[in-house]
A.B. asks: 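Below are the structure tokens for one structure; questions will follow.
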Amino acid sequence: MARANDEVAALFAEYADLISITGGDAFKARVYEKAARAIGGHHADVSTLDVKGLQQIPGVGRSIAEKVTVYLRTGSVPAVEELRARIPAGVRRLTAVPTLGPKKALVLYEELGVSSIEELTDAIHQERLRDLKGFGPRTEENILHGIELLRSSGDRVLIDAATDVAEGIVAELSRVEGCRKCAYAGSLRRGRETIGDIDVLAAASDSEPLMRAFTELPDVTEVIARGRTKTSVRTTKGLSVDLRVVPPDSWGAALQYFTGSKSHNIRTRERAVHQGLKLSEYGLFDAESGERVVSRTEEEVYARLGLPWIAPALREDRGEIEAGLRDELPELVQERDIRGDLHTHTDLTDGLAPLEEMAAAAAERGYAYYAITDHAPNLFMQRMTDERILAQRERVRELDGEYGRRGRRGGMRLLHGAELNIDAEGAVDWPDDFLAGFDLCVASVHSHFNQDRAALTRRLVRACENPYVHIIGHPTTRLIGRRPGIDADLDEVFAACARTGTALEVNAHPDRLDLNDEHILRAKRHGVKFAIDTDAHSVLHLAHMRFGVGTAQRGWLTGDDVINTWSLTRLRRFLRKTPSS
DNA sequence: GCCGTTTTCGGCCCGACTGTTTTCAGTCG
């Protein structure tokens, strides 16, 4: 079910790593890395392209194009197989440990024979790294810390990967004869940022055809358990998936039960008990007679408990039951409410697609406005200059003239902005008069992550106080499973945002989801406004908006809290940054 | 291995930080 592009991208990313680990040409490794990214982010399916077509993808030349066709035809590429034979897969896995790169990984393998994270942990505890050149006590400490970080996300996968798998399975099972309903439930339906395993629910009077179809899915590598009501499998990506089949008239109760969370379900069952009822995955029953009261839909189940239907994103026992009883559940922001994306990149910096393609894709999504915010010059690797960004602005203005009259909702306006870098002192790129030329600016921390709490807090607060900074991008800079968020006093930052009329970003990229749900809840109490942005670096990334919206919902946000659901007029007023009170 | 108002070779993202060194290699964004 994986896109051919993703498979090929993964293959070349691995090849690039193997080249680096084996000490191959660093430039060659970088070329494959770049090609992997370009192919993964390319809009057209590579399996439909010939060698010529493939070479149209930037960074793909004759040699790589041919490897793609060989891979798609035979399932493997000799050059990659050659390196795979020399380096155990576990060695590459070592480079996933933060602070441990290809050079150190190779030393560990060649000198100590270490080829897995478990062996590495043992080797450190046996003090076998002490004699290696370039490895000191701090290195050991950092590696152990990195392993800890990796473990903390455990076997959980990111929400986009889990969503792909779950939607694929639901689509397949929905086609099975006798399947009345099919949906995924569990933490994925609630929109959690990482997913341990996937729960799929189906309604049918006879479960057998569904169970059979499920175990025969092409991506299933192992059947862990197989029964009449529940079957568990493991997929090629190591993800485990449970399928539960319930009678059609139990659908609502089952969906409610398997969506969770555990603590939400405890609360709903308690309410049932207080009313002389019993709630299970089969329905809501009279405790005395055992007679079924309701079970067909979630709405019925909640209604009989005296509650309105509660959106899955809220079901964490964070006050949703109480709010429901008072009829004060928030009207959650929906993806269809989003009128534009305010943080996106093009190939002028590290994006993959040119401005024209990004704008066309945004118009295709039906946006009313769309901001281009490429990296500012202080992120030196992006090689931005005044001339380049001004030339881009000219082109944005031209396109704005064209799109102003096109698009589904009667035209899309293009905004020109930049993603500024908040430096160690809290200042940003460019002087005020230059910044004044932008329609909007996102400002983000890209360096000096390890400053102390006071310095980090001061930096962010100072950025908020800058009249030309409208949105703080990915405010904690965490990368899920790879890098913890910075240690700033977030409540102080949230207060500064509210005071200065600076929005906080809910970055929709599945690796980030930053701010996260808990931060959003806290920030909202300070009266902050939010921008749900994809930070898209390719056309495909624009679709990540759903994960940002899901995270915002988990933070109880309504459309009114989110500036990119507003009309352009209201948005422009906000961007003038005049404090509301 | 890709790319070229530099075209068939010679560049290729640049700077900071960290830890191990005693002048620098490795990693990261």
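Every chain is numbered from 1, with letters handed out A, B, ... down the list of sequences. We use all heavy atoms of the structure for the numbers below, so side chains are in, but hydrogens, waters and symmetry mates are not.
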A.B. asks: With the sugar-phosphate defined as primed atoms, P, OP1 and OP2, and the base as all remaining atoms, what B/S/- string results for nucleotides 11-19 of chain B, 5' to 3', for protein heavy atoms under 4.0 Å?
C.D. replies: -BBSSSS-S
A.B. asks: Rounded to whole angstroms, how far apart are OH on A/Y15 and P on B/dC2?
C.D. replies: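 Checked: the OH to P distance equals 11 Å.
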A.B. asks: How many whole angstroms separate atom NE2 of A/H474 from atom P of B/dG29?
C.D. replies: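 My rounded result for the distance is 11 Å.
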A.B. asks: Would you mind classifying the nucleic acid contact of A/L379 as base, sugar-phosphate or nothing, using non-hydrogen atoms under 4.0 angstrom?
C.D. replies: nothing
A.B. asks: Do any side-chain nitrogens or oxygens of A/R483 fall under 4.0 Å of OP1 or OP2 in B/dG29?
C.D. replies: yes
A.B. asks: Check the distance between B/dG29's P and A/N378's CG and give it to me in whole angstrom.
C.D. replies: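 Roughly 18 Å, once rounded to whole Å.
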A.B. asks: Could you identify the nucleotide paired to B/dA16, looking across every strand shown and requiring Watson-Crick or G-U wobble geometry with both distances under 3.5 Å?
C.D. replies: B/dT27
A.B. asks: Quantified in whole Å, what is the C1' atom distance between nucleotide B/dG10 and nucleotide B/dG15?
C.D. replies: 23 Å
A.B. asks: Figure out the CG/C1' separation between A/L54 and B/dC2, and round it to whole Å.
C.D. replies: 15 Å
A.B. asks: Rounding to the closest angstrom, what is the interatomic distance between B/dC28 and B/dC13 at atom C1'?
C.D. replies: 13 Å
A.B. asks: Given the rule in the side-chain contact (heavy atoms from CB on, under 4.5 Å) test, do A/R483 and A/F449 qualify, once you have shown the distances and angles that lead to the verdict?
C.D. replies: CA-CA 10 Å; A/R483 186 174 72 201; A/F449 304 108; 3.8 Å; yes
A.B. asks: Given the C1' atoms of B/dG29 and B/dT22, what is the spacing between them in whole Å?
C.D. replies: 28 Å
A.B. asks: Can you tell me, in whole Å, how much space there is between the P of B/dG11 and that of B/dA16?
C.D. replies: 24 Å
A.B. asks: In whole Å, what is the span from the NZ atom of A/K133 to the P atom of B/dC24?
C.D. replies: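 Distance, rounded to whole Å: 12 Å.
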A.B. asks: Taking atom P in both B/dC14 and B/dC9, compute the distance separating them and give it to the nearest angstrom.
C.D. replies: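 Straight-line distance between the two P atoms is 24 Å.
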A.B. asks: May I ask you to verify if any side-chain N or O of A/K28 is less than 4.0 angstrom from the OP1 or OP2 atom of B/dG1?
C.D. replies: yes
A.B. asks: Where does the angle between the aromatic ring planes of A/H537 and A/H375 fall among parallel (under 30°), tilted (30 to 60°) and perpendicular (over 60°)?
C.D. replies: tilted
A.B. asks: On DNA chain B, nearest-nucleotide positions of A/S63 versus A/T95: which is more 5'?
C.D. replies: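 With A/S63 and A/T95 compared, the 5'-side residue is A/S63.
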A.B. asks: Please state how far atom CZ in A/R62 lies from atom C1' in B/dG1, giving the value in whole angstrom units.
C.D. replies: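 Taking CZ of A/R62 and C1' of B/dG1, I get 13 Å after rounding.
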A.B. asks: If you pin A/G101 and A/Y32 to their nearest nucleotides in DNA chain B, which one's is more 5'?
C.D. replies: A/Y32
A.B. asks: Quick one: sort the A/Y15 and A/Y32 rings into parallel, tilted or perpendicular, breaks at 30° and 60°.
C.D. replies: perpendicular
A.B. asks: Would A/R393 and A/F438 count as a cation-pi pair here, with the cationic atom under 6.0 angstrom from the ring centre and within 45° of the axis?
C.D. replies: yes
A.B. asks: What integer distance in Å separates A/K103:NZ from B/dC28:P?
C.D. replies: 12 Å
A.B. asks: Using the C1' atoms only, state how far B/dT6 lies from B/dC2, rounded to an integer number of Å.
C.D. replies: 15 Å
A.B. asks: Can you measure A/I143 atom CD1 to B/dG26 atom C1' for me and round it to whole angstrom units?
C.D. replies: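 Computing the A/I143:CD1 to B/dG26:C1' distance gives 12 Å.
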A.B. asks: Tell me whether A/D374 contacts the main-chain N or O of A/A418 through its side chain, where contact means a donor paired with an acceptor under 3.5 Å.
C.D. replies: no
A.B. asks: Looking at A/H345 versus A/H343, is the centre-to-centre ring distance below 6.0 Å?
C.D. replies: yes
A.B. asks: Any side-chain donor-acceptor pair under 3.5 Å between A/E505 and A/H474?
C.D. replies: no
A.B. asks: Quote, to the nearest angstrom, the P distance that separates B/dT20 from B/dT27.
C.D. replies: 13 Å
A.B. asks: Hey, which of A/R192, A/R554, A/K524, A/R522 is the one that makes salt bridge (charged side-chain N to carboxylate O under 4.0 Å, His left out) with A/D517?
C.D. replies: A/R554
A.B. asks: Could you work out the separation of B/dT23 and B/dC17 based on their C1' atoms and round it to a whole Å?
C.D. replies: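 Rounded to whole Å, the distance is 16 Å.
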